[in-house]
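Data first, discussion second: the structure below is written as C-alpha cells.
Letters A, B, ... mirror the listed sequences (proteins, then strands); counts begin at 1. What you see is a predicted model; the values in this text were computed from it and never measured.
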Number of protein chains: 2
Amino acid sequence: MAVKQSIFEIFSEENTSGVAYRNKAFKRAIINHLDQTGNSTITDLAQEMNISVPKITSLINELMTDGLVQDYGKEDSKGGGRKANLYGLVADSAFFLGVDVKQYYINIGLLDFKKNLVKAEMHVPYELSNTREAFDQLVKVIQTFISQLPEEHRNILALCLNLSGRINSENGYSYSYFHFHEEPLSTILEQITGIRTFLENDSRAMAYGEFHNGLVKEEKNVLFVNMDYGIGLGIMIDGKIYRGKSGFGGEFGHIPLFANEIICHCGKKGCLETEASGQALIRLFKEKIAQGSTSVLVQQNKIPDNLRLIDIIQAAKNEDVLCIELIAELGEKIGRGISVLINIFNPELVILGGILAETGDYVRLPIRSALNKYSLSLVNNDTQLHMSKLQEKAGVIGGCLIARDKLLSVQ
Amino acid sequence: MAVKQSIFEIFSEENTSGVAYRNKAFKRAIINHLDQTGNSTITDLAQEMNISVPKITSLINELMTDGLVQDYGKEDSKGGGRKANLYGLVADSAFFLGVDVKQYYINIGLLDFKKNLVKAEMHVPYELSNTREAFDQLVKVIQTFISQLPEEHRNILALCLNLSGRINSENGYSYSYFHFHEEPLSTILEQITGIRTFLENDSRAMAYGEFHNGLVKEEKNVLFVNMDYGIGLGIMIDGKIYRGKSGFGGEFGHIPLFANEIICHCGKKGCLETEASGQALIRLFKEKIAQGSTSVLVQQNKIPDNLRLIDIIQAAKNEDVLCIELIAELGEKIGRGISVLINIFNPELVILGGILAETGDYVRLPIRSALNKYSLSLVNNDTQLHMSKLQEKAGVIGGCLIARDKLLSVQ
DNA sequence: ATTTTTTAATAAAAATATTTACTAACTGTC
DNA sequence: GACAGTTAGTAAATATTTTTATTAAAAAAT
C-alpha cells in the first residue's frame, strides 16, 4: 500500500531535519487547514500560511501524488477574475477506528479522512469487567468489526479505545481496567491488532467528538458533562482536551458537594456522585419503591436486582411520574455541581451528554434552573447550555477523531 | 531612542509579509529561547529552532545592532573543542511596569528585559474605590513612580494594571472599577501615560508572577489561590493564563459550597467567600468578640469599625489564640474548596498566596488536612501544595511579566 | 610539546524559496 | 462582442537559506 507508506512518512517526525522537516510541517499544516476550513485555493493557502504561491503549489502536488489531497475542480464565481482550483482532502485515503466501551455494550465505528462516519455498530452486547476474559472479548469485537469492513475501508491508520476511569492517554496506560501487563495497554492492543492505538477516558472522548463534529462552532472553552452510571466531565480548553497532570483531571463526580453520610465507591463521603448519578438514581428509585411509591416498572415486574439505568430512562420517557420526579431531582443536584464549574471556567458552552441526556428536558430544565440559582448570573448569562447533538455516537466519533488527530499531531 | 524604535518594529506584526514576517517571528523565537533557557550558543539555537547556523548568526547580529542581544563571551569548557560564544538578552534594553492595586495600598515595580525586579515600592497608601478621584490618585502614583526613576530606566515599553473584579484583558475593559468612559480603561491609561497598557485581574497576575518567577519549575498546570478580603483564583493551564470566555474565569469565591443563609455581596447564598475569606474572617472575629471571646486586639483597643485583615494576621503571628483558631477554621473551609479544584484540574501544583498566606502553617496545615479529607487521594497525592514564594511581590512581578509577555506576543 | 580529536565559525557552493513579470481565464460593462 | 478589470497560474529572475567544505580554536591524548 503505497498510500499508507506515504502517510506515515508525513506524520512521523523521525530522521528529518532542515528542509525536509519543514516541508513535513508545512504538509501537516496544509492538511490541517483543508480539514478545518474545507477545500481551499492555492492562493488562500499561501496567504493563510505566509508561504509563496509556487511553494504551496509544489507541496500540494506532492500531497496529490501521496493520494491525500485531490483537485476538486473550479471554485464558484466570486466576482471577476479567473476561477481558481479547489483542493481538498481525499475521504477514502485513510480511516480511523473508535471503540467506545460502556458498562453493558460497546459502540464501535469507522471515520474516514474527511471525518465522515463511514460505519458504526451501536450497542454490541458486552459486559465490562476488569478480567482477562472481558479483554479478550473486547479484542474479538474489534477484530470482528474490522473483518466485516469492505476491502476499500481497511486502510486503518489508528484506533482509539475509550474506557471509563483512570486513563493516561500520554503513555497509554489504563489503571482502572485491563492493567494486566507491564507494558501499556495501548502497546498490547497495538501488537494484537497491528494498528496504532491510543487510549482515552470515555468522557473526554465524548467531549472531543461533540467539540469537533457536534454542535460546537466557534467556541474554544467547552465543558461536556457525561451523565451515565457515574458523572464524568470532559474539559476542552483552547480547543484542546484538558487532562491534568496524570490524566485524572475532570473527576467531577467526586467533588465534595453534599453533607450526606453515603460512602461513595471512591471511599469518601458527600461526593456529587452519591446523590446525582445513574447509580444514585437507581438507589433512590429502589428506596422510593421500598417506601411504597409506585411506578410502571413495578407493574411490569421489571425491578430485578439488576435494574438498569436504561429502564428508568425508558420509563420516564413513557411518562412514569416517579422516574420523572427522580430525574428532576437529579438534575437539580447536577446543576448545582455544574454551577461550580461555570463559576470557575466561565465556559462558552456546557454540553449535557451521556445516556441520561436522552431524557431531554426532564433533566435539562432542572439543571438550567439550578444554574440560575447557584452560579453568578454574570458568568451564567455568558454560558450556553445545550444537549449533546451526537448523543450516543459522541464517544465513537470522539474516539475516531482522537486517533486521527493524535496521528496528525494536531492534538 | 533608536533602541525603542527597533524593539517596536520587532514586536509589531504590521506591514510585513513573506521573508520580513518570518524573520520577525524568528527573532521573537530567539528572544523567547534566550529568555527561557538563558544564554545560548549559536549552534544550540540552530538545533533547537531547526534553522541553519548562518541564518541564526545573521539574526543574532541584527538583534545585537538592535541592542536587545549581547555577546556574553565564551562558554565554559564542556569537553573538547573550540569554545562557543554565548549570546543573551540585554537587561537594560527595555523595562516593564507592574501596578498592583490592593484595597488599602498599591504595590508598584519595574522589571528589566531579563526579568530582574529593578525597583519596587510596596504599600504605597491608597484607598481603592470606584470613583474618578481614586482613579486620578492611581494615575498620580504611577506618574510619581516613573518620575523618580533614573534616566537609564525610563525606556518603559509597557505596563500592566492589576485590579480585582471583572477584567477583560483582551479588550482592556475593567467592569468593576473605573468604568467611566466609552473606551477601554487600558486606552485611557495609555493616553495619559504614553505607555502601552494592559489590564489583568489581580489573582491572575499573581499566579503569573509566581508561575514565571516564583517556585514553578517544570509544572505547566498550576493553581494559585489568592487569599485576601475575597478569595481569588489564578489558573495556569499549559503554561498560559486561563481567563474563560469573557475573563470571568476563576470565580472561585462564589462557588456554592455551603448551606448557610449568609447573603454574599454577589447576591447568592452559600458562597465559599461567605465562610472562608478575609471578609468572613473579620465578621467571625467580631461575632466571637461579641460572644465574649478575648483577644490581644481587644486589649489593645484595636477593634474599631474599620478593623483590617492585617490586624488579625498580625495578632495571629503574635500568638493570639482566637485569631489562630479562626484562621485554622478558615483554612479547613478553603481546603474544602481547593479539594473541588484538585479533583477537577488534577494540577501539578497549588500555590497559596495573598495576604492570608503570610500566616504560614496556621493556614496551610488545616488546608492540607482538608485536602486529604475531601479530595480523591489518588489525585491529591499527585498535587504539591506550597506557599507563595514571591509573597506580596507576586502581583507586581506578575503584572510586569504580563506587560512584557503581551508585548512580546508570548502570552 | 606535538598530534589528534572535537567543536565553532566562516566562506563558498548548492539548493530552495520568493518576487516579479507575464500569460491565461474569467466577469461585467459599454 | 470588444475591452477593461480581476484573479489564477507559471516561468524566469532574484533573493534567501541551507549544505558542504574549510579554517580556527580549544581540550585530550600521545
Side-chain angles (χ1 to χ4, degrees), chain A residues 9-10 13 15-30 33-34 37-65 69-88, chain B residues 9-10 13 15-30 33-34 37-65 69-88:
Chain A
E9 249 171 56
I10 292 176
E13 297 200 333
N15 307 327
T16 36
S17 69
V19 180
Y21 172 88
R22 211 161 326 164
N23 282 345
K24 280 189 187 180
F26 281 149
K27 281 190 190 177
R28 276 205 293 239
I30 290 177
H33 192 274
L34 295 178
T37 60
N39 297 355
S40 306
T41 68
I42 285 185
T43 320
D44 277 355
L45 286 169
Q47 276 172 2
E48 291 281 336
M49 296 177 58
N50 271 291
I51 313 179
S52 69
V53 170
K55 178 64 182 165
I56 292 282
T57 311
S58 81
L59 288 169
I60 285 280
N61 284 334
E62 278 178 53
L63 283 169
M64 288 207 290
T65 54
V69 167
Q70 181 185 320
D71 186 339
Y72 279 92
K74 303 288 183 203
E75 196 179 20
D76 277 356
S77 148
K78 52 147 203 216
R82 172 173 168 177
K83 283 178 182 169
N85 280 338
L86 283 169
Y87 297 89
Chain B
E9 249 171 57
I10 291 177
E13 298 200 333
N15 308 327
T16 37
S17 69
V19 179
Y21 172 87
R22 211 161 328 165
N23 283 346
K24 279 191 189 180
F26 281 148
K27 282 189 190 177
R28 277 205 293 237
I30 289 177
H33 192 275
L34 295 178
T37 61
N39 297 356
S40 307
T41 68
I42 286 185
T43 322
D44 276 354
L45 287 169
Q47 274 172 4
E48 291 282 334
M49 297 176 60
N50 270 293
I51 313 179
S52 69
V53 169
K55 179 63 182 166
I56 292 283
T57 310
S58 81
L59 289 169
I60 285 280
N61 284 333
E62 279 178 54
L63 283 169
M64 289 207 290
T65 53
V69 168
Q70 179 184 321
D71 187 338
Y72 278 91
K74 302 288 181 205
E75 195 179 20
D76 277 354
S77 146
K78 54 145 206 226
R82 171 174 170 180
K83 283 180 182 168
N85 280 338
L86 282 169
Y87 298 89

Short side-chain N/O contact to [N] OP1/OP2 from [X], under 4.0 Å:
| X | N | result |
| --- | --- | --- |
| A:Asn50 | C:dT18 | no |
| A:Arg22 | D:dT18 | yes |
| A:Asn85 | D:dA8 | no |
| A:Ser52 | C:dA17 | no |
| B:Asn23 | D:dT16 | no |

Using the side-chain hydrogen bond (donor to acceptor under 3.5 Å, both in side chains) criterion, which residues pair with A:Asn39? Sequence neighbours excluded.
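Not a single residue meets the side-chain hydrogen bond (donor to acceptor under 3.5 Å, both in side chains) criterion with A:Asn39.
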Give the rounded distance in Å between these two atoms: [atom1] of [X] and [atom2] of [N].
| X | N | atom1 | atom2 | answer |
| --- | --- | --- | --- | --- |
| B:Asp71 | C:dA9 | CG | C1' | 12 Å |
| B:Met49 | D:dT18 | CE | C1' | 15 Å |
| B:Ile56 | D:dT18 | CD1 | P | 9 Å |
| B:Leu45 | C:dA9 | CG | C1' | 14 Å |
| B:Ile51 | C:dA15 | CD1 | P | 22 Å |
| A:Leu86 | C:dC26 | CG | P | 14 Å |
| B:Lys55 | C:dT16 | NZ | C1' | 13 Å |
| B:Ile60 | C:dA8 | CD1 | C1' | 14 Å |

Starting the side chain at C-beta, find the nucleotide from C:dA9, C:dA11, D:dT10 nearest to A:Thr57.
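Of all the options, the side chain of A:Thr57 is nearest to D:dT10.
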I want to verify a distance call: between D:dT18, D:dA8, C:dC26, whose nearest atom is closest to the A:Lys83 side chain?
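Of all the options, the side chain of A:Lys83 is nearest to C:dC26.
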Would you mind reporting whether B:Arg22 and A:Asn50 have side-chain heavy atoms less than 4.5 Å apart?
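A side-chain contact under 4.5 Å is absent here.
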Nearest 0.5 Å please: distance from the [atom1] atom of [X] over to the [atom2] atom of [Y].
| X | Y | atom1 | atom2 | answer |
| --- | --- | --- | --- | --- |
| B:Asp71 | B:Leu86 | CG | CG | 8.0 Å |
| B:Leu45 | B:Tyr87 | CG | OH | 10.0 Å |
| A:Ile60 | A:Asn85 | CD1 | CG | 10.5 Å |

Return all side-chain donor-acceptor pairs below 3.5 angstrom for residues 52-59 of chain B, not counting sequence neighbours, or 'none' if the list is empty.
| residue | atom | partner | partner atom | Å |
| --- | --- | --- | --- | --- |
| B:Lys55 | NZ | B:Asn23 | OD1 | 2.8 |
| B:Thr57 | OG1 | B:Val53 | O | 2.6 |
| B:Ser58 | OG | B:Lys55 | O | 3.1 |

With sequence neighbours left out, what residues match A:Lys27 under salt bridge (charged side-chain N to carboxylate O under 4.0 Å, His left out)?
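A:Lys27: salt bridge (charged side-chain N to carboxylate O under 4.0 Å, His left out) contacts with A:Glu62, A:Asp66.
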Between the opening five pairs and the closing five pairs of the helix from C:dA1-D:dT30 to C:dC30-D:dG1, how far apart are the helix axes, to 10°?
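So the angle between the two local helix axes works out to 0°.
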